[in-house]
Amino acid sequence: MLDINLLRNEPEKVKKEIAKKNVDPKKVDDFLSLDEKWRVSLKAIEEKRGLQKKLSEARDIEAAKKNKEEIKSLEAQLAVLEKDREIAWIKIPNLPDADVPAGKDETGNQVIRKWGEPRKFDFEAKDHMALGEALGIIDVETAAKVSGARFNYLKGGAVLLEMAIVKYVFDVLTSEKTLKKIVKNIDKNYSVKPFIPVLPPVMIKPEVFKKMARLDPGQEEERYHLPKDDLYLIGSAEHALGPMHMGETLEEDKLPIRYLGFSSAFRRESGSYGKDTHGILRVHQFDKLEIESFTVLENSRKEQDFIVAIQEYLMQSLNLPYQVVAICTGDMGGPDTRQIDIETWMPGQNQYRETHTSDLMTDYQSRRLGTKVKRKDGGVEFVHMNDATGFALGRILIAIIENYQEKDGSVIVPKVLRKYAGFKKISST
RNA sequence: GGAAGGUUGGCAGAGUGGUCUAACGCGCCGCACUUGAAAUGCGGUAUCCCGGAAACGGGAUCGGAGGUUCGAAUCCUCCACCUUCCGCCA
């Protein structure tokens, strides 16, 4: 949620900014009108409560009884107002940063840079499904029988390759030495504090999910819910990493706090029927390495730049061609102030496909989570949060299988992963 | 799944219906004493909301929600979490 003072003091600015995100500016007026009503109601009730105390002290039981009835009816009104006000508040998204390209939808996204050349094959390149099935490492048919559409079994070399990637990324992000190399392009004096490896829970409570601004109206359809226990399956490790410090006030010298999580991610993919039905590009369950970091406000943009630099370092070390995309105002997420995606070249589809995202959320999430930082000068403010993909393992496996395929249908293991995988090539047996 | 005990301010911990504006202590901050420090003494030390330029005023908060009462940290109901035990279990 946005800062209440910003909404009250600069509504025109907020309206102008959210319009860029295709959000109706009227939502600001809706909120402010409810806020005003709420304030009036609150003031009235507080006066009556003060009176109730005095009457009670004076043992004026008759007057107190009467006053109590009035308080009760006012409280009922206030509760309704409070709820409506909160709902209206949440509907207002974070404001886009100044350098975010303006645009209505994904056509407004801008490729900022490209790295690597799509490989020219001297044979007909196959897609990951054809390769994976032939190699016996991807099986969607059995998964369809056992679990339904949009599920998959990974087997053999694909499994070992995934594990190799996981271990490799954990090695990179926990090494100060490697991070120092990466940060040079951003600001050589910036913090290279290593990431803390995390295996998070994959089920979380609804109220926590809401505080992360990931279960707001319109998003529930995308989530798996376990009604018996009222728990949700996470759609990303972000959902369990982001709330790790909710309700806490962190000391400034503890920041930045950086986590690297590994978990399965669960998505209903409602509304995407018929889209990407082939292969394992869009599935209900996949594993993902996720980056989450907490910083002071003046560092959060630099932190995002650093995170993107890490993503690119990893991509380059795997020698996968990619492009970095600045997501435009109309296509970015509600809690984001700046979103940068990476799209990886996939020869099987002859196009770049989204594999990474990096979200700068500023204090939009931390305000509802109650995650604060106590500055050295004694001031307390909300921390800034960044969240980003380390590797979405299903999709990066697709990229590796398709980019590293050989004429005979085998797949070469990227050099940097060989010592982790223990083999150089995946062949049919 | 069953049972018992617990959850109070930064920490520790008292408080079983009005004197709670939450004791005592520790920690922290300020001042005094001191060449400096320690010790000592005095004072101050939670968060959030509303109003206010500010000083300040009002309100809420004793795990959470609801209830009883003129009045709740205290009584009642439900829930969550923690500790321990039994059962089951990777």
Side-chain angles (χ1 to χ4, degrees), chain A residues 1-11 31-90 92 159 163 199-212 215 225-234 239-240 243-255 257 262-264 287 363-383:
Chain A
M1 54 172 55
L2 284 182
D3 183 359
I4 187 77
N5 290 316
L6 180 69
L7 282 162
R8 284 176 186 165
N9 302 333
E10 300 179 68
F31 168 74
L32 288 175
S33 134
L34 282 163
D35 184 50
E36 182 57 31
K37 282 183 195 158
W38 172 79
R39 281 200 269 185
V40 169
S41 176
L42 183 65
K43 197 172 176 219
I45 214 167
E46 286 184 351
E47 273 165 15
K48 297 233 177 262
R49 279 180 185 154
L51 177 65
Q52 185 72 2
K53 272 191 183 173
K54 291 201 176 72
L55 292 174
S56 175
E57 274 163 31
R59 300 290 199 282
D60 188 345
I61 293 169
E62 283 311 305
K65 271 188 178 172
K66 193 167 164 262
N67 191 52
K68 192 183 155 187
E69 289 310 309
E70 290 172 20
I71 291 177
K72 267 194 176 168
S73 83
L74 281 174
E75 275 177 339
Q77 289 172 31
L78 183 72
V80 174
L81 275 175
E82 206 163 52
K83 207 179 156 202
D84 291 348
R85 172 180 177 265
E86 165 107 4
I87 291 167
W89 194 352
I90 286 163
I92 301 167
V159 176
M163 290 182 170
L199 293 177
V202 296
M203 295 176 220
I204 63 173
K205 300 177 189 177
E207 63 266 27
V208 176
F209 222 157
K210 281 183 189 140
K211 283 179 183 171
M212 284 292 288
L215 193 65
H225 182 231
L226 291 84
K228 204 169 172 187
D229 301 283
D230 196 18
L231 287 170
Y232 282 87
L233 291 176
I234 57 172
H239 306 156
M244 283 174 76
H245 297 287
M246 65 179 182
E248 289 179 29
T249 301
L250 306 160
E251 295 294 328
E252 179 175 349
D253 57 19
K254 293 251 165 63
L255 299 180
I257 295 176
F262 172 69
S263 81
S264 293
D287 296 330
D363 57 3
Y364 193 84
Q365 287 176 314
S366 61
R367 183 166 290 109
R368 242 199 289 183
L369 288 164
T371 306
K372 299 174 190 173
V373 53
K374 185 171 187 182
R375 302 302 300 253
K376 281 173 186 148
D377 66 8
V380 174
E381 61 198 29
F382 292 107
V383 298

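Every chain is numbered from 1, with letters handed out A, B, ... down the list of sequences. All figures in this text were calculated on a predicted structure; none of them were measured in a lab.
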Write down the distance between CD1 (A:I204) and C1' (B:C81), rounded to a whole number of angstrom. 17 Å

For A:L32 and A:P11 the tightest heavy-atom approach is CD1-CB, 3.6 Å

Quick one, A:L199 and A:S263 - any side-chain contact, counting heavy atoms below 4.5 Å? no

Taking the side chain as C-beta and beyond, is there a heavy-atom pair between A:E381 and A:V373 under 4.5 Å? yes

Using the C1' atoms only, state how far B:A54 lies from B:G71, rounded to an integer number of Å. 35 Å

Please report, rounded to the nearest Å, how far the P atom of B:G27 is from the CD atom of A:E251. 19 Å

Expressed as a whole number of angstroms, how long is the span from A:K53:NZ to B:U69:C1'? 16 Å

Evaluate side chain to side chain contact (heavy atoms under 4.5 Å, CB included) for A:W89 paired with A:D84, printing each intermediate quantity in order. CA-CA 8 Å; A:W89 194 352; A:D84 291 348; over 6 Å; no

Report yes if the side chains of A:K68 and A:K48 come closer than 4.5 Å at any heavy-atom pair, otherwise no. no

Qualifying salt bridge (Lys or Arg N to Asp or Glu O under 4.0 Å) pairs with a residue from residues 243-254 of chain A, counting only residues at least two apart or across chains: A:E252-A:R375

Rounded distance in Å between the P positions of B:U74 and B:A65: 13 Å

P spacing across the pair B:C11 / B:G5, given as an integer number of angstrom: 26 Å

Where do N or O atoms of nucleotides 18-20 of chain B meet protein N or O atoms at under 3.5 Å, pair by pair?
residue, atom, partner, partner atom, Å
B:G18, N2, A:S56, O, 3.4
B:G18, N2, A:S56, OG, 3.1

Does A:Y232 reach the side chain of A:M203, with side-chain heavy atoms less than 4.5 Å apart? no

Taking all atoms of both residues into account, what is the closest heavy-atom pair of A:L81 and A:K37, and its distance? CD1-O, 3.7 Å

Taking the side chain as C-beta and beyond, is there a heavy-atom pair between A:I257 and A:L250 under 4.5 Å? yes

List for me each residue that meets salt bridge (Lys or Arg N to Asp or Glu O under 4.0 Å) alongside A:E36, sequence neighbours excluded, and say none if there are none. A:R39

What's the gap between B:G6 and B:C62 when it is taken at their C1' atoms, as a whole Å value? 14 Å

C1' gap between B:C81 and B:G43, integer Å: 39 Å

Which is more 5' along RNA chain B, the nucleotide nearest A:K205 or the one nearest A:K54? Just name the residue. A:K54

Near-strand residues of residues 60-83 of chain A, defined as heavy-atom separation under 4.0 angstrom from RNA chain B: A:I61, A:A64, A:K65, A:K68, A:K72

Quick one, give me the B/S/- string for nucleotides 45-50 of chain B, reading 5' to 3', where B means a protein heavy atom under 4.0 Å from the base and S means that only happens at the primed atoms, P, OP1 or OP2. ---SBS

Can you give the dot-bracket line for RNA chain B, using ( ) for pairs inside the strand, [ ] for pairs that cross earlier ones, | for pairs with another strand and . for unpaired bases, where Watson-Crick and G-U count if both distances are under 3.5 Å? ((((((((.[[...)..(......]]((((((.......))))))((((((....)))))).[[[[[..)....]]]]])))))))....

Heavy-atom closest pair (A:W38 atom, A:E82 atom, distance to 0.1 Å) is NE1-OE2, 3.5 Å

Strictly below 4.0 Å, N to O, side chains only: are A:R49 and A:E70 in salt-bridge contact? no

OP1 or OP2 of B:G71 versus the side-chain N and O atoms of A:Q52: is any pair under 4.0 Å? yes

If the P atom of B:G2 is compared with that of B:A60, how far apart are they to the nearest Å? 38 Å

Run the salt-bridge test on A:K205 and A:D230 with the 4.0 Å N-O cut-off and return the result as yes or no. no

Flag side-chain contact, heavy atom, 4.5 Å: A:K372 against A:S366: no

When you compare B:U47 with B:G10, how far apart are their P atoms, in angstrom units rounded to a whole number? 8 Å

Considering only the C1' atoms, how many Å lie between B:G57 and B:U21, rounded to the nearest integer? 15 Å

